[in-house]
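Notes to accompany the following structure.
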Amino acid sequence: MFEDFVKDRITQLRLKKGVSEYQMSYDLGHSRGYVYNISSGKALPPLKEFFAICDYFEITPQQFFDDSTQNPELIQKAVEGMKKLDESDMLMLLSIINRMLK
């Protein structure tokens, strides 16, 4: 079950990014069939490669496993930007978010 989640999640994120298995393998510095082997269930990435895959998609490992989030890479970028704000700006942003959710 875990293996199915990992291969399906990588495929989902890869398609959302709009890259082929070959291109992703190349971008990660592997042979042509690397991502294919993961996507087909023939292999799982070792931990070091899993972190590289998360970096490739610009998400955290936690976001990788949270498949209920539609745009994890955008959320990650928003969080990184929010870390640079002062408290008053964060409170203003929070009020805007709360208003939009109503």
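Because the structure is predicted, anything quoted here is derived from the model rather than measured.
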- Message: Any non-hydrogen side-chain atom of Ser31 less than 4.5 Å from a side-chain atom of Tyr26?
- Response: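 In short, these two side chains do not touch, never coming nearer than 4.5 Å.
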
- Message: Any heavy-atom pair between the side chains of Glu73 and Lys16 that's under 4.5 Å?
- Response: yes

- Applying side-chain contact (heavy atoms from CB on, under 4.5 Å), run through Phe57 and Lys17 and close with a yes or a no. CA-CA 8 Å; Phe57 292 123; Lys17 188 174 176 110; 4.0 Å; yes

- Go through the steps to decide whether Phe5 and Phe64 satisfy the test side-chain contact (heavy atoms from CB on, under 4.5 Å), and finish with yes or no. CA-CA 10 Å; Phe5 177 84; Phe64 179 90; 4.1 Å; yes

Residue [X] excluded, over 12 heavy atoms near [atom1] under 6.0 Å:
X	atom1	result
Phe50	CZ	yes
Tyr56	OH	yes
Gln62	CD	no

- How many angstroms lie between CD1 in Ile53 and CD1 in Ile59, if you round to the nearest 0.5 Å? 10.0 Å

- Task: Identify the two heavy atoms, one from Pro72 and one from Arg9, that lie closest to each other, and give their separation to 0.1 Å.
- Result: CG-NH2, 3.8 Å

- Taking every heavy atom of Met24 against every heavy atom of Val19, the minimum-distance pair comes out as CB-CG2, 4.2 Å

- Side-chain H-bond candidate by donor/acceptor type, Gln63 with Thr60, under 3.5 Å: yes

- Query: Do Asp8 and Gln12 get their side chains close enough for a donor-acceptor pair, meaning under 3.5 Å?
  - Reply: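 No, Gln12 and Asp8 have no side-chain donor paired with an acceptor closer than 3.5 Å.
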
- Task: Please confirm whether the backbone N or O of Ser88 pairs with a side-chain atom of Asp86, one donor and one acceptor, at under 3.5 Å?
- Result: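 A pair under 3.5 Å: yes.
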
- Message: Taking Val35's backbone N and O only, do any of them form a donor-acceptor pair with Ser25's side chain (distance below 3.5 Å, no angle check)?
- Response: yes

- Should the ring pair Phe65 and Phe2 be called parallel, tilted or perpendicular, given that the plane angle runs from 0 to 90° and is split at 30 and 60?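 Plane angle under 30°, so parallel.
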
- Query: Between Glu80 and Lys77, does at least one N-O distance fall below 4.0 Å, as a salt bridge requires?
  - Reply: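 Salt bridge between Glu80 and Lys77, a charged N being under 4.0 Å from a carboxylate O: no.
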
